[in-house]
Amino acid sequence: MANRPMLEIVSLEKRFGPNTILKKIDLKVTEGELVFVIGPSGSGKSTMLRCCNRLEEPTSGDIIVDGRNIMAGTRRDLDRMRLQIGMVFQGFHLYPHMSVLKNVTLAQRKALKRSKTEADARAMDMLEQVGMAHKADAYPGELSGGQQQRVAIARSLALDPKVMLFDEPTSALDPELVGSVLKVMKDLKSKGMTMVVVSHEMGFARETADRVIFMDGGVVVEQGTPDEIFGAPKAERTRAFLSRVSG
Amino acid sequence: MDIFIDQFFNIDIMRKSLPLLFKGLWMTLQLCSAVILLGLIGGLFVALGNMSERRWLRWISIGYTDLFRALPPLVLLIFIYAGLPFAGINISPFAAVVIAFLLNNSSYYAEVYRAGLISVAKGQWEAAESTGLSPAQTLIHVVLPQAVRNVLPDLLSNTVEVVKLTSLASVISLSELLYNAGMARSVTYNASPLVLAALFYLVLLWPLVRLVSHFQRRLAA
Ligand SMILES: Nc1ncnc2c1ncn2[C@@H]1O[C@H](COP(=O)(O)OP(=O)(O)OP(=O)(O)O)[C@@H](O)[C@H]1O
Ligand SMILES: [Mg+2]
């Protein structure tokens with residue numbers, strides 16, 4: 001089922017007061033696809049991502065995850081559906097008062113109601129996958145940014161999400177730590193995870209993305225394969241943006 | 001000098017007043033437990049109301065904290081103890097003290113909690129809720145532990161104040177530590193029981209005060 005849509009954004013609109021930040025965005029991400037989102041600061045990339053799990057409440061439109069509309073239903077339905085949507089933040093947001101292991105087991109225990117044994121085992125698997133199993137007993141404050149971000153990825157993965165959203169996952173990292181996080185994301189892609197990635201790592205996009213989306217002023221200006229967007233952008237705004245970021 | 005020692009440090013009188021003072025201490029401890037426990041719980045809810053997105057809830061809890069921090073606790077106590085019977089409501093001195101000091105203290109606890117809650121980064125809420133935790137679970141497991149740690153010295157300071165506050169209950173003849181010490185004094189015509197009571201308060205509060213300093217230093221580091 002390569003074409004099964006995992007995440008559908010349907011005429012998503014978001015207003016903050018008088019400002020319309022997202023203007024009727026439509027986007028369909030199929031199973032196993034990695035969609036890479038670029039665009040100037042303030043174009044609405046984060047807002048779009050945050051609407052996908054309703055951290056930001058859409059003004060109108062629908063968000064459909066594996067056939068289920070997350071805009072419908074109660075708060076409890078939303079909590080359940082959020083389990084299927086992993087989110088990775090620029091600032092990691094690990095829980096500083098808990099060990100790495102507890103960070104990864106908390107939602108498994110409280111939201112998924114897994115047993116301690118099961119949650120611990122699953123957490124160790126995920127920490128293994130991101131290369132952080134040896135730090136299971138450490139506290140977030142003792143880890144580098146790159147290590148924290150990999151733990152944050154494990155925290156999301158442990159819930160078996162259907163989609164993973166990344167909002168500038170490497171932007172807060174020292175350059176030498178970026179690679180370790182991108183590698184984890186590449187592994188994830190090769191395992192078939194559906195991913196939406198907002199980032200400035202164009203090299204990663206060329207290598208890993210199935211599709212690149214250029215956003216500006218709250219609309220999707222242009223989309224295509226990495227070769228199309230980076231090699232021969234059609235829209236003037238895309239060209240201007242790319243020439244700016246590539247220096 | 002002998003008169004001084006005899007008046008303030010009369011061991012014999014102290015020993016004789018000990019049972020009465022212990023009784024008072026026991027009452028003081030009961031008062032403290034009730035006011036502190038209920039205050040810590042009530043204060044949290046008031047703080048949450050204070051930060052609610054619902055405007056009416058915000059207004060009620062802001063009105064509550066403003067009112068009961070502005071009213072002197074002794075005024076509140078006498079009003080509840082001596083005033084309520086006029087409305088046909090009779091309550092025991094113990095209940096009057098608990099209610100009066102609870103209203104006062106939960107307001108202070110609420111302000112401390114509020115400072116703690118806003119000290120926790122918004123990203124913590126978002127990360128937790130994005131993993132499917134409910135708002136209540138997020139509060140209990142993620143936000144509150146961090147909030148409390150950030151304001152632990154203030155929570156403890158406030159608790160010290162509660163213990164001191166309970167001595168005001170002697171005004172309405174509740175037989176707590178200070179009241180009983182006063183009784184012993186008037187029976188023996190000697191101030192030694194008061195000195196002993198002061199010693200009791202000191203033993204009770206000194207570790208707490210130390211703890212406040214300890215946490216303050218640790219947080220500053
Ligand atoms: N809570 C908010 N209230 C008001 N305006 C907001 C809010 N959040 C975002 N905005 C506005 O929405 C617009 C889009 O913001 P957004 O963070 O989605 O952009 P972005 O594309 O992620 O930018 P960046 O590359 O800087 O992260 C900006 O103009 C921003 O000021
Ligand atoms: Mg952003």
Side-chain angles (χ1 to χ4, degrees), chain A residues 46 49-50 52-57 70 74-98 102-114 119 140-141 148-149 151-161 163-167 172, chain B residues 40 44-45 47-49 51-58 109 112-156 211-212 214-221:
Chain A
S46 296
L49 228 50
R50 292 159 55 81
C52 289
N53 61 0
R54 288 175 73 182
L55 280 186
E56 212 68 81
E57 195 60 27
I70 74 159
T74 62
R75 167 73 209 207
R76 294 208 39 174
D77 294 329
L78 176 62
D79 289 338
R80 260 191 297 271
M81 285 193 266
R82 277 175 171 166
L83 289 165
Q84 310 189 339
I85 312 163
M87 184 163 231
V88 175
F89 304 85
Q90 182 175 349
F92 330 131
H93 304 326
L94 292 181
Y95 314 131
H97 59 300
M98 292 181 192
K102 285 275 305 222
N103 264 274
V104 184
T105 54
L106 179 68
Q108 293 189 67
R109 303 269 285 123
K110 304 298 170 189
L112 275 182
K113 311 282 182 205
R114 283 183 183 151
Q148 288 187 54
Q149 193 60 297
V151 172
I153 293 173
R155 175 174 66 183
S156 286
L157 286 181
L159 304 168
D160 304 314
V163 188
M164 287 284 288
L165 310 172
F166 294 82
D167 192 1
Chain B
L40 280 170
L44 179 59
F45 282 100
L48 291 173
M51 301 169 72
S52 166
E53 278 158 22
R54 294 189 195 97
R55 193 188 305 187
W56 61 270
L57 201 55
R58 226 164 40 227
Y109 276 130
V112 175
Y113 276 124
R114 199 169 68 91
L117 289 171
I118 56 182
S119 77
V120 177
K122 200 163 148 259
Q124 293 288 310
W125 282 99
E126 295 187 341
E129 297 202 67
S130 78
T131 59
L133 295 182
S134 68
Q137 288 173 324
T138 300
L139 181 73
I140 292 167
H141 299 290
V142 175
V143 176
L144 206 52
Q146 298 182 58
V148 166
R149 194 182 54 180
N150 290 347
V151 293
L152 204 51
D154 294 336
L155 280 178
L156 278 174
L211 217 55
V212 172
H214 170 76
F215 284 128
Q216 268 167 347
R217 213 161 307 140
R218 210 188 59 181
L219 276 181

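Residue numbering restarts at 1 for every chain, and letters A, B, ... go by the order of the sequence lines.
Of the two parts of A/Tyr95, the backbone and the side chain both hold a non-hydrogen atom closer than 4.5 Å to a non-hydrogen atom of chain B. Contact of B/Gln137 with chain A is made through the side chain alone, with heavy-atom distances under 4.5 Å. Interface remark: A/Arg54 contributes no atoms to any contact with chain B (heavy atom separation under 4.5 Å). Interface residue A/Ile85: only backbone heavy atoms are found under 4.5 Å from chain B. Contact of B/Ala121 with chain A is not made at all, since no heavy-atom distance falls under 4.5 Å. For A/Leu78, no part lies under 4.5 angstrom from a heavy atom of chain B.
B/Gly132 and A/Ala111 get closest at one heavy-atom pair: O-CB, 3.6 Å. Nearest heavy-atom pair across B/Leu133 and A/Ala107 is CD2-CA, 3.9 Å.
The residue among A/Val88, A/Asn53, A/Leu106 with the most heavy atom pairs within less than 4.5 Å of chain B is A/Leu106.
Residues forming a side-chain hydrogen bond (donor to acceptor under 3.5 Å, both in side chains) with B/Thr138 (at least two apart in sequence, or on another chain): none.
Considering only heavy atoms from C-beta on, A/Met98 stays 4.5 Å or farther from B/Pro145 through its side chain.
Rounding to the nearest 0.5 angstrom, the gap separating the NE2 atom in A/His97 from the CG atom in B/Asn150 is 11.0 Å. Summarising the geometry, atom NZ belonging to B/Lys122 is positioned 9.0 Å from atom NE2 belonging to A/His93; distances are rounded to the nearest 0.5 Å.
Residues in residues 112-154 of chain B take part in no ring pair (Phe, Tyr, Trp, His ring centres under 6.0 Å) pair, two or more places apart or across chains.
Within 6.0 Å of atom CZ in A/Arg75, more than 12 heavy atoms from other residues, nucleotides or ligands are found, so the atom counts as buried in its surroundings.
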